[in-house]
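Okay, structure first, notes after.
The chains referred to below are lettered A, B, ... by the order of the sequence lines, with proteins before strands, and numbering in each begins at 1.
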Amino acid sequence: MSNTILSGNDLSKKYGDLEVVKQVSVAVAEGEFICLVGKSGCGKTTLLSLLSGLERATAGEVRLDGKDITSSSEDELALFRRENLGFIFQSFHLIPTLTAWENVALPLFPIKMSSDERRARASELLEKMELEHRMEHLPSALSGGEKQRVAIARALINHPKILFADEPTGNLDSATGDAIMGILNNLHQEQGVAILMVTHEAELAKTADRLIRMHDGEIVS
Amino acid sequence: MNFHYLISELYYQRRRTLAAVAGLSIGIALLVILNSLSLAYRQAAHAPLQEIGADITVQRSGDVPKELSGIVFPCSAVTIKAAEIDKIEGLKGVRGVGRAVLLWVFQPQRAWIVLGIEGHNNVGPGVLRNAVVAGRFLKEGQPEALVEAAYARQFGIKVGDKINLAAKSYAVVGLVDASRATKIAVANLYLPLREAQRLAAASAPIQSVSPFTPEDANLLFIKADQEKIPEIAAALKGMFGKKATIATPDSLLKLLGSLFALSDRFTLAASLIAILVAVLIAFKTMAGNIAERTREIGVMKAVGWTNRNVVMQLVGESVVQCFVAGVLGLVLGIIAAFGLSFMKVSIPIPWEMSPTPHFLPHGGDQIFKTLNLPVHVPWTLGAFAIILSVVIGGLTGGLLGRNISRIKPSEVLRHE
């Protein structure tokens with residue numbers, strides 16, 4: 001069995017009296033593609049946030065490569081995300097004032113590196129996404145599928161161990177969504193990137209190695 | 001801080017950038033122009049004294065003889081004893097003292113305003129050596145005189161003529177256009193100081209009301225360290241009491257009556273209000289801009305920007321905006337200062353400082369020193385404006401950045 005690179009043990013999250021994640025334990029193995037499915041409001045996105053360090057758990061612990069990151073500071077978590085994780089959001093969340101290549105290079109901006117080097121790394125990824133002709137375009141000039149491909153390139157710029165994808169096809173038509181899923185499957189199969197994807201579309205979940213169903217803050221299967 | 005991102009943000013959000021820059025630049029321009037105007041009025045008020053080479057003039061008012069005949073002192077300028085002058089020379093901050101003796105000489109056919117001057121002294125009416133329009137300047141120890149050019153024209157006096165005062169003859173060696181050179185202690189006949197002192201000491205009407213020795217004077221011109229002027233003026237008032245007329249740049253400034261001239265506090269208060277309004281405009285605009293970028297900042301944090309990275313980026317944007325606003329405000333201020341430098345200002349010279357007998361033609365007329373308002377922006381004010389802008393930028397960006405950097409990415413990145 002492959003090594004576990006990320007694990008969440010007995011994770012709980014409460015907002016006031018409302019417990020949205022209830023003592024959930026999840027482990028992600030190296031190169032594994034996991035789909036997190038469930039109805040809207042069942043706690044999937046919150047669990048994804050807890051595992052990725054975007055949110056702090058009320059109880060439980062998160063370990064990356066065996067290291068407990070639960071008590072890390074905000075800045076330590078930010079560095080942890082920069083070095084180990086990539087994010088793909090349903091609404092793309094590209095910076096509107098930056099061009100495609102600059103958006104891809106956004107995680108590199110705080111790192112001491114020449115602009116040429118950043119551009120070279122962003123260009124390489126955009127070429128893989130077949131967007132080399134869109135490098136200098138602002139997000140407002142890109143289609144939904146192009147925006148999501150830029151977002152995927154951004155998620156890959158730091159060679160992450162795990163990609164977190166929150167409804168990555170939610171804002172796309174089915175054909176474009178299929179194309180995006182093709183890219184994710186390709187990343188998983190050819191490059192061995194572990195993916196933890198939240199979706200409510202059963203069809204998309206079929207491509208995953210493992211399916212985790214959530215209901216009312218708990219894993220049901 | 002990523003400079004490329006900073007420039008992109010300011011360029012693509014140019015409406016907001018321009019609003020912030022315009023708001024702050026107007027405030028900075030107001031600050032610059034208010035302070036330049038205040039400074040200009042101060043400099044203008046200094047001009048009447050500066051042109052006679054002094055920073056302070058001292059006179060003592062006193063009694064006049066029962067009959068205005070022969071040689072008398074004007075009531076605004078009676079004896080200042082030699083011992084008092086020595087004491088003034090010893091005051092801290094006094095760099096030089098010029099003495100003069102102002103006399104009214106009444107003759108059956110003519111009245112003279114006579115001023116005895118130290119020809120070699122650069123402090124006081126000795127500066128008239130540059131205003132000679134015909135003949136030459138006075139030589140010390142010689143019985144000779146200079147006549148005011150307009151007066152000479154009026155009465156047909158020429159170089160080489162003789163003028164008799166108290167049974168002594170004075171050769172006219174030159175004509176002087178004193179009215180152009182100075183508005184203080186203007187006379188129509190100028191003698192070497194020694195001669196005027198001798199005339200005053202020999203005058204019975206003067207001795208009857210204000211005992212005078214040949215070492216005394218009745219007008220003093222003081223050159224002083226600028227920062228010591230108020231201190232010296234206070235010491236002089238203490239020395240001469242209520243009968244002193246101490247003219248300083250500040251006392252002349254008060255005669256101008258302008259709001260800028262009246263009070264440093266007004267300038268300070270107006271500048272503070274201008275800056276406060278500018279800061280509020282800049283702060284509000286930037287706060288609006290940053291609030292609109294909550295998600296963007298959430299993305300930055302999600303992909304690995306630390307709080308410090310976020311704050312530094314926002315501080316950078318804010319500082320650049322405010323620096324540009326500072327430069328623009330300074331340029332606007334300089335342009336406005338140039339425009340205002342064509343404005344004329346008339347400084348009223350108190351009668352006491354250039355006394356003319358009221359019964360003579362134009363004797364009671366108010367004298368003004370009229371000059372272009374010397375409005376300019378000193379480099380120190382310019383540098384202050386730029387530094388202030390940058391500080392405002394740093395503080396605004398830091399405050400707003402620190403606040404926004406605390407957001408949790410998960411809260412702002414959830415999809416609708």
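Within the 4.5 angstrom heavy-atom criterion, atoms from both the backbone and the side chain of A:Leu106 approach chain B. Contact of A:Leu138 with chain B is made through the side chain alone, with heavy-atom distances under 4.5 Å. At a 4.5 Å heavy-atom cutoff, the contact between A:Arg154 and chain B is made by side-chain atoms alone. Both the backbone and the side chain of B:Asn307 come within less than 4.5 Å of a heavy atom of chain A.
Going from atom CG of B:Asn2 over to atom CD of A:Glu102 covers 8.0 Å, rounded to the nearest 0.5 Å. Distance check, rounded to the nearest 0.5 Å: NE2 of A:His93 to CE of B:Met300 gives 14.5 Å.
Sparse packing is recorded around CZ of B:Phe384, with 12 or fewer heavy atoms of other residues, nucleotides or ligands lying under 6.0 Å away. Within a 6.0 Å sphere centred on CZ of B:Arg402, heavy atoms belonging to other residues, nucleotides or ligands number 12 at most. Around atom CZ of A:Arg56, more than 12 heavy atoms belonging to other residues, nucleotides or ligands sit under 6.0 Å away. Under a cut-off of 6.0 angstrom, the local environment of NZ in A:Lys22 is crowded, with over 12 non-hydrogen atoms contributed by other residues, nucleotides or ligands. Annotation for A:Gln23: atom CD does not count as buried by contact number, only 12 or fewer foreign heavy atoms lying within 6.0 Å.
Against chain A, the residues from residues 5-26 of chain B that qualify, each with a non-hydrogen atom under 4.5 angstrom away, are B:Tyr5, B:Ser8, B:Glu9, B:Tyr12, B:Gln13 in number order.
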Quick one: do A:Leu54 and B:Lys301 satisfy side-chain contact (heavy atoms from CB on, under 4.5 Å)? Show the steps, please.
-> CA-CA 9 Å; A:Leu54 289 176; B:Lys301 291 191 72 174; over 6 Å; no
Candidate pair B:Val303 and A:Arg81, rule side-chain contact (heavy atoms from CB on, under 4.5 Å), full reasoning = CA-CA 6 Å; B:Val303 301; A:Arg81 288 193 294 269; over 6 Å; no
Verdict with supporting geometry, A:Arg82 and B:Asn309, side-chain contact (heavy atoms from CB on, under 4.5 Å) | CA-CA 13 Å; A:Arg82 187 165 77 197; B:Asn309 294 149; 3.9 Å; yes
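No donor-acceptor pair closer than 3.5 Å links the side chain of B:Arg308 to the backbone N or O of A:Asp75. Side-chain N or O atoms of B:Trp305 include none that pairs as donor or acceptor with a backbone N or O of A:Phe109 at under 3.5 Å.
Comparing A:Pro107, A:Pro110, A:Gly86, A:Ser52 by heavy-atom pairs within less than 4.5 Å of chain B, the highest count is held by A:Pro110.
Side-chain contact between B:Arg295 and A:Ile95: absent, with no pair of heavy atoms (C-beta onward) separated by less than 4.5 Å.
Within the structure, ring-ring contact (aromatic ring centres under 6.0 Å, His included) contacts touching residues 141-176 of chain A (residues at least two apart or in different chains) are A:Phe87-A:Phe164.
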